[in-house]
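Structure first, commentary second.
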Amino acid sequence: MFSAGAQLVGDPAGPRRGPVYELSLRAPDAATLVRLNELGFNLDHVTPEAASIFATRGEYDYLVSRGYPVTIVASQPSPPRYPRGEPRGGLGTYHSYADVTGALQTFATGYPAITHLISLGQSVQGRELWAILISDNPLAQENEPEFKYVSTMHGDEPVGVEMCLYFIDHLLANYGTDSTITALVNGTEIWIVPLMNPDGLENGSRFNANGYDLNRSFPDYPADYSGTLWNGPADLGGLQPEVQHLMAWSAAHSFVLSANFHGGAVVASYPYDADPPIPTTLPALTPDHPLFLGLATTYASNNPPMNANNAGPFVNGTVNGNDWYIVSGGMQDWMYRYLGDDEITIELSIPKRPSQSLLPDYWDDNRDAMMAYLAWVHRGVRGTVTDAATSDPVFAMVTVIGNTQPVFSDPDLGDYSRLLPPGTYDLQFSAWYYEPVLVQNVVVTSGAATPLDVQMTRLTDLPGPGAAATALLGAWLVCAGAAALHRRRTTRH
């Protein structure tokens with residue numbers, strides 16, 4: 001990391017205050033990208049021709065002094081200019097934070113039977129992080145998989161905001177008449193957060209108002225955590241408020257599938273974005289690589305410009321994140337590793353703020369992709385985990401034999417989903433103070449999820465007094481506490 005003092009940051013996340021320059025680094029090789037990541041530079045998009053870097057003046061001077069071929073192409077903050085004399089706030093126009101707020105409130109009041117609008121908390125400058133739920137019984141918890149789209153962690157990437165608003169309107173306007181949309185709304189909890197970084201959007205900055213890159217500010221594996229939700233609630237201390245709100249809200253739900261929207265390229269990027277301890281720009285594949293490749297391919301294949309993108313490491317509009325460039329502290333890795341929530345990152349447009357007149361074309365490109373990706377939440381294996389004697393829901397860990405990544409049942413209802421590509425699997429169900437259950441030869445097809453309900457039997461022969469029993473009880477209490485936190489936070493409000 002940098003040691004030259006306050007001029008240099010030495011952390012990809014930040015803080016970077018004052019003027020921040022977007023630099024273009026010519027023809028970066030893999031070793032250079034790894035070195036810049038180690039030094040703490042904020043890398044953005046990378047092509048064989050150039051890499052984008054967001055840097056303070058001190059960081060820029062550092063690069064120049066060491067002979068890196070960088071040029072300044074833009075600077076921030078640069079508050080957006082909205083066209084004069086044109087309607088504001090409608091679909092096909094760029095929305096300010098106030099416009100987004102008004103649009104979501106209009107959706108919620110216009111469709112009260114199938115929507116629920118909440119704030120996840122406030123940004124650094126006091127703006128609300130809005131989340132809207134679309135479901136047939138939005139004030140009740142149901143045995144349904146939970147799904148989310150989150151956009152614009154970087155305030156200078158607004159196309160995702162507009163795609164989310166188009167998507168909300170598409171679901172609401174066609175509910176009750178389109179059979180596919182009606183079935184998805186009736187059978188899914190669909191959450192949409194169109195604007196995660198409202199301060200950045202208003203200030204014309206990639207960063208939040210404290211100067212942090214939110215997609216470098218999540219807990220970093222394994223430096224900040226090595227376990228999962230099973231090991232207890234996430235530590236939110238010291239994190240940026242927007243990150244804290246997304247983490248707490250996500251941990252309080254049982255999200256099965258997610259995506260977050262960005263700009264600057266046209267590609268669907270899947271985990272891992274970083275896989276320590278040895279940083280490289282080679283693929284860093286998860287235990288669920290076939291699943292993630294299928295998810296990314298589903299989105300890209302339904303977006304014609306994305307599907308045609310085979311530049312650099314991209315294959316038909318898909319790429320492994322780490323194979324593209326390293327992102328430490330990214331959201332998708334934390335969601336997957338810690339919560340078992342399968343999440344990918346979707347880059348929507350090469351220009352981060354294309355002409356407003358092109359927004360309807362971007363919606364045409366992304367509409368079918370957003371729908372097809374959402375539909376994936378109903379694949380794999382799905383069921384409930386309950387107590388064999390009482391039928392009460394059980395907070396359980398569900399693992400696939402031969403795969404180290406778990407998912408978890410919802411402690412409120414006991415329902416779980418394990419997304420899997422077609423194949424035959426052995427599933428293990430574990431819960432504190434219950435006999436484990438192994439279900440073998442579970443067949444998964446490319447269609448609707450295979451139903452699998454599991455009843456678990458309480459242990460009757462518990463360990464006697466001693467260190468082992470104390471350790472077991474302590475671990476059980478940690479998980480019981482995590483489940484209790486989950487129940488408190490999932491109360492509708």
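All values derive from a computational prediction rather than experimental measurement.
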Verdict with supporting geometry, Asp29 and Leu33, side-chain contact (heavy atoms from CB on, under 4.5 Å):
CA-CA 6 Å; Asp29 57 25; Leu33 294 175; over 6 Å; no
Go through it in stages, so that I can follow the logic: the residues are Asp275 and Arg337, the test is salt bridge (Lys or Arg N to Asp or Glu O under 4.0 Å), and I'd like the CA-CA distance, side-chain angles, deciding distance and then a yes or no.
CA-CA 11 Å; Asp275 191 24; Arg337 287 186 189 270; 3.2 Å; yes
Apply side-chain contact (heavy atoms from CB on, under 4.5 Å) to residues Leu419 and Val407 and explain how you reach the verdict.
CA-CA 9 Å; Leu419 299 187; Val407 301; over 6 Å; no
May I have the step-by-step check of salt bridge (Lys or Arg N to Asp or Glu O under 4.0 Å) for Asp44 and Arg206, ending in yes or no?
CA-CA 10 Å; Asp44 190 17; Arg206 174 182 179 86; 3.2 Å; yes
Passes side-chain contact (heavy atoms from CB on, under 4.5 Å), Thr101 versus Trp130? Steps please.
CA-CA 8 Å; Thr101 300; Trp130 296 115; 2.9 Å; yes
Evaluate the criterion side-chain contact (heavy atoms from CB on, under 4.5 Å) for residue pair Asn316 and Thr297; output intermediate values, then yes/no.
CA-CA 8 Å; Asn316 295 328; Thr297 299; over 6 Å; no
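For the side-chain hydrogen bond (donor to acceptor under 3.5 Å, both in side chains) with Ser135, the qualifying choice from His116, Glu144, Glu189 is Glu144, the only one to do so. Of the residues listed (Val398, Thr399, Leu339), the one engaging Pro406 in a side chain to side chain contact (heavy atoms under 4.5 Å, CB included) is Thr399, and it is the only one. Checked options Leu120, Val161, Asn260, Leu214; the residue passing with Met196 is Leu214 (criterion: side chain to side chain contact (heavy atoms under 4.5 Å, CB included)).
Remark: the backbone N or O of His289 is paired with a side-chain donor or acceptor of Thr286 at under 3.5 angstrom. The backbone N or O of Thr93 lies less than 3.5 Å from no partner atom in the side chain of Tyr82, so there is not a single donor-acceptor pair. Side chain of Glu128 to main chain of Ser119: no donor-acceptor pair is present (N/O by atom type, distance under 3.5 Å, no hydrogens or angles). Between the Asp220 side chain and the Gly329 main chain, a donor and an acceptor come within less than 3.5 Å of each other. In this structure, Asn203 contributes its side chain and Ser205 its backbone to no donor-acceptor pair below 3.5 Å. Checking side-chain atoms of Tyr21 against main-chain N and O of Ala74 turns up no donor-acceptor pair under 3.5 Å. Side-chain N or O atoms of Asp199 include none that pairs as donor or acceptor with a backbone N or O of Leu201 at under 3.5 Å. Formation of a donor-acceptor pair under 3.5 Å by the Asn307 side chain with backbone atoms of Asn303 is not found in this model. Although no hydrogens or angles enter the test, the distance criterion places a donor-acceptor pair under 3.5 Å between the side chain of Asn208 and the main chain of Tyr212. A donor-acceptor distance shorter than 3.5 angstrom exists from the side chain of Asn320 to the backbone of Ala284, with no hydrogens or angles considered.
Within the 4.5 Å cutoff, no side-chain heavy atoms of His253 are placed close to those of Asp410. Asp169 has its side chain within reach of Phe107: a pair of non-hydrogen atoms, C-beta onward, lies under 4.5 Å apart. Contact of the Val159 side chain with the Pro354 side chain is registered, since non-hydrogen atoms from C-beta on lie closer than 4.5 Å. Looking at heavy atoms from C-beta onward, Asp156 lies in side-chain contact with Phe54 at the 4.5 angstrom threshold. Under the 4.5 Å side-chain criterion, counting only non-hydrogen atoms from C-beta, Ser24 is not in contact with Val70. Counting only heavy atoms from C-beta outward, the side chains of Phe261 and Met370 approach each other to under 4.5 Å. Side-chain contact between Tyr97 and Leu195 is present, with at least one heavy-atom pair separated by less than 4.5 Å.
Between Phe147 and Trp376, the ring centre distance reaches or exceeds 6.0 Å. Ring pair Phe167/Tyr149: centre-to-centre distance below 6.0 Å. Between Tyr221 and Tyr225, a ring centre-to-centre spacing shorter than 6.0 Å is recorded. A centroid separation of less than 6.0 Å is found between the aromatic rings of Phe292 and Tyr336.
Listed by chain and number, the residues in a side chain to side chain donor-acceptor pair (under 3.5 Å) with Glu202 amount to none (sequence neighbours excluded). For the side chain to side chain donor-acceptor pair (under 3.5 Å) test, residues two or more places apart in sequence or in another chain that qualify with Gln332 are Asp273, Thr345. Residues satisfying the ring-ring contact (aromatic ring centres under 6.0 Å, His included) criterion with His245, sequence neighbours excluded, are absent altogether.
Separation of atoms CD1 (Ile168) and CG (Leu104) is listed at 5.5 Å; rounding is to 0.5 Å. The CG atom of Leu171 sits 8.0 Å away from atom CG of Leu184, with the distance rounded to the nearest 0.5 Å. For the atom pair OG of Ser254 and CZ of Phe408, the computed distance is 10.0 Å after rounding to the nearest 0.5 Å. Considering CD1 of Ile190 and CG of Leu257, their distance stands at 11.5 Å, rounded to 0.5 Å. The CD1 atom of Ile326 sits 11.0 Å away from atom CZ of Arg216, with the distance rounded to the nearest 0.5 Å. Atom CG of residue Asp341 and atom CE of residue Met331 lie 9.0 Å apart, to the nearest 0.5 angstrom.
Shown here for Glu59 and Gly40, the closest heavy-atom pair between the two residues is OE2-O, 4.3 Å. Taking every heavy atom of both residues into account, Pro12 and Asp213 meet most closely at O-CB, 4.2 Å. The two residues Tyr94 and Glu162 make their nearest non-hydrogen contact at CA-OE2, 3.6 Å. Considering every non-hydrogen atom in both Val444 and Leu420, the closest pair reads CG1-O, 3.6 Å. Val46 and Ala51 get closest at one heavy-atom pair: CG2-CB, 4.0 Å. In terms of heavy-atom proximity, Gly447 sits nearest to Arg379 at O-CG, 3.5 Å.
Judged purely by distance below 3.5 Å, without hydrogens or angles, the side chains of Trp324 and Ser269 never pair a donor atom with an acceptor atom. Side-chain atoms of Glu347 and His45 include a donor-acceptor pair closer than 3.5 Å. Inspection of the His262 and Glu157 side chains reveals an N or O donor paired with an N or O acceptor under 3.5 Å. Side-chain N/O atoms of Arg16 and Thr56 include no donor and acceptor closer than 3.5 Å. Inspection of the Asn197 and His154 side chains reveals no N or O donor paired with an N or O acceptor under 3.5 Å.
Between Asp288 and Arg418 a salt bridge is recorded (basic side-chain N to carboxylate O distance below 4.0 Å).
In this structure, Arg367 is not positioned above the aromatic face of Tyr299 in the sense of NZ or CZ being under 6.0 Å from the six-membered ring centre and within 45° of the axis.
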